[in-house]
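Worksheet for the structure shown next.
Atoms within a ligand are numbered from 1 in the order they appear, just like the ligands themselves. Note that the structure is a prediction, hence the values are computed from the model and not measured. As a basis for the values below, the full set of heavy atoms in this structure was taken, side chains included, without hydrogen atoms, waters or symmetry mates.
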Amino acid sequence: MDEELILLNPGPACTSRAVKNALLRGDLCHREPEFAELLTSLRDAVPRAVGLGNTHESILLTGSGTAAMEAAVISAVRRDKAILVVNNGVYGDRLAKIARANGITAHEVSPSGDGLARWTTPIDPDAVRTALREHPDIDAVAVVHHETTTGMINPIKAIGEVVAETDAVYVIDSISGMGNEDQDLAEVQGDILCGSANKGLHGLPGLSFLMCSDKGIARLSEVPARSLYLNAASYLSAQRKGEVPFTPAVQVCYALDEALEEYEAAGGFAARTHLYRERAELVRSSFARLGLRILIEQPHRGNSVTTLHLPDGVSYPSLHDELKSHGYVIYAGQGGLSTEYFRICTLGEIPWHRLEQLGDALEQSIKAARS
Ligand SMILES: Cc1ncc(COP(=O)(O)O)c(C=O)c1O
């Protein structure tokens, strides 16, 4: 195999040569003005790239996406109040676990039914309305935009309309949706949105961010600091002065800077979402040709993760190994889906011809995995 291994897992995603090379821009102390300049430029560029440039202020964190989730949850809920978590996948579940680990009461709404139905049905906004009425202690509502568990999109705009009828702040984990899924985030009335550098923005792993509306920012100052490291208010006050409270991943900031330049140069949000739609169409047409069944119904599918039923007589480990020998890394189904499903994800820098070749590689790998 003379071509690079293509990661078809939902992060870390493949990055361009220039993004990787940006790590070599050099050593830089985060107390120097050059870092303040980089920080300020990233804090402007990230919300601009994802359509929140006019309405949201960003906070940059060193840490993976879960750091942003944890900072958002613990910084959104006032003392003796609760959070309502929309839970229809592993990441919704993680939001609830984060709340409870930090001593915050978490109410949950999930689709009715058990097993698969819980993870394959988007949340009905009316269920959120009902839960808000039933639990007057709810101070924040948290939902995952694109559930990477399955590749399902939740109706974040409709849920936002329900949350906006109340004083609760609206927390959205858009870690695998921001910058690459079609939804215009400016329309969803989110107050604290979580993102990460290494999904749809094609930066390197190790940085994540919060994007806060005025209502979100006002809330940060009303919440007790539940963590020294992940208290969003401390980051915000430091970053407004061009400072960071702890040692940041400076070189990963360089890589994000490069990735954002590439994002804008390629045509920004419109171009990136168009590319992801085209990729989804291309790979899903080959899945259809091979008779592979997609778990999520068409209207609820995002454009990056596809969860597929394993073909008869094929185990995930053997399919994984066969495809790896063709230059592709795929991903197992998550949680209870692991024995019957696998995932193919088209996040990151992936040459078009490698996606065109994927169908044949998959066909050969299925045959080999069966024999
Ligand atoms: C929707 C979503 N939220 C949160 C995370 C957690 O991010 P990390 O693994 O970077 O901590 C992921 C990671 O895939 C994700 O897809």
>> Any salt bridge linking D139 with R78? Criterion: basic side-chain nitrogen under 4.0 Å from a carboxylate oxygen.
In response: yes
>> Restricting to non-hydrogen atoms, name the atom on L210 and the atom on A71 that form the minimum distance, rounded to 0.1 Å.
In response: CD1-CB, 4.1 Å
> What atoms of ligand 1 come within less than 4.0 Å of a heavy atom belonging to S176?
Replying inline: 1 (C), 16 (O)
> Would R279 count as a cation-pi partner of Y276, with NZ or CZ less than 6.0 Å from the six-membered ring centre and within 45° of the ring normal?
Replying inline: yes
>> List ligand 1 atoms under 4.0 Å from S64, heavy atoms only on the residue side.
In response: 8 (P), 10 (O), 11 (O)
> Can you tell me the protein heavy atom closest to atom 5 (C) of ligand 1 and the distance?
Replying inline: Y91 CE2, 3.4 Å
>> Please work out, at 4.0 Å between heavy atoms, whether the side chain, the backbone, both, or neither of M69 comes within that distance of ligand 1.
In response: side chain
> In the protein, what heavy atom is nearest to atom 3 (N) of ligand 1, and what distance, to one decimal place, separates them?
Replying inline: D173 OD2, 2.6 Å
>> Regarding ligand 1, does H146 bring an N or O atom to under 3.5 Å of one of the ligand's N or O atoms?
In response: no
> Which heavy atom of the protein is the closest neighbour of atom 14 (O) of ligand 1, given with residue, atom name and distance?
Replying inline: K199 NZ, 3.1 Å
> Is the shortest distance from a Lys or Arg side-chain nitrogen in D257 or R25 to a carboxylate oxygen in the other one below 4.0 Å?
Replying inline: yes
> Are D191 and R219 ion-paired here, with the side-chain N under 4.0 Å from a carboxylate O?
Replying inline: no
>> Give me the residue, atom name and distance of the protein heavy atom closest to atom 16 (O) of ligand 1.
In response: T148 OG1, 2.4 Å
> How close does the nearest protein non-hydrogen atom get to atom 6 (C) of ligand 1, and which residue and atom is it?
Replying inline: T66 OG1, 3.4 Å
> Which residue owns the protein heavy atom closest to atom 10 (O) of ligand 1, what's the atom, and how far is it?
Replying inline: G65 N, 2.9 Å
>> Please give me the minimum heavy-atom distance between P111 and I123, naming the atom from each residue.
In response: CD-CD1, 3.6 Å
> When you check the gap from the basic side-chain N to the acidic O, do R129 and E165 get nearer than 4.0 Å?
Replying inline: yes
>> I'd like to know if E322 and K367 make a salt bridge, using a cut-off of under 4.0 Å between side-chain N and carboxylate O.
In response: no
>> Only heavy atoms of R94, strictly under 4.0 Å: list the atoms of ligand 1 that pass.
In response: 6 (C)
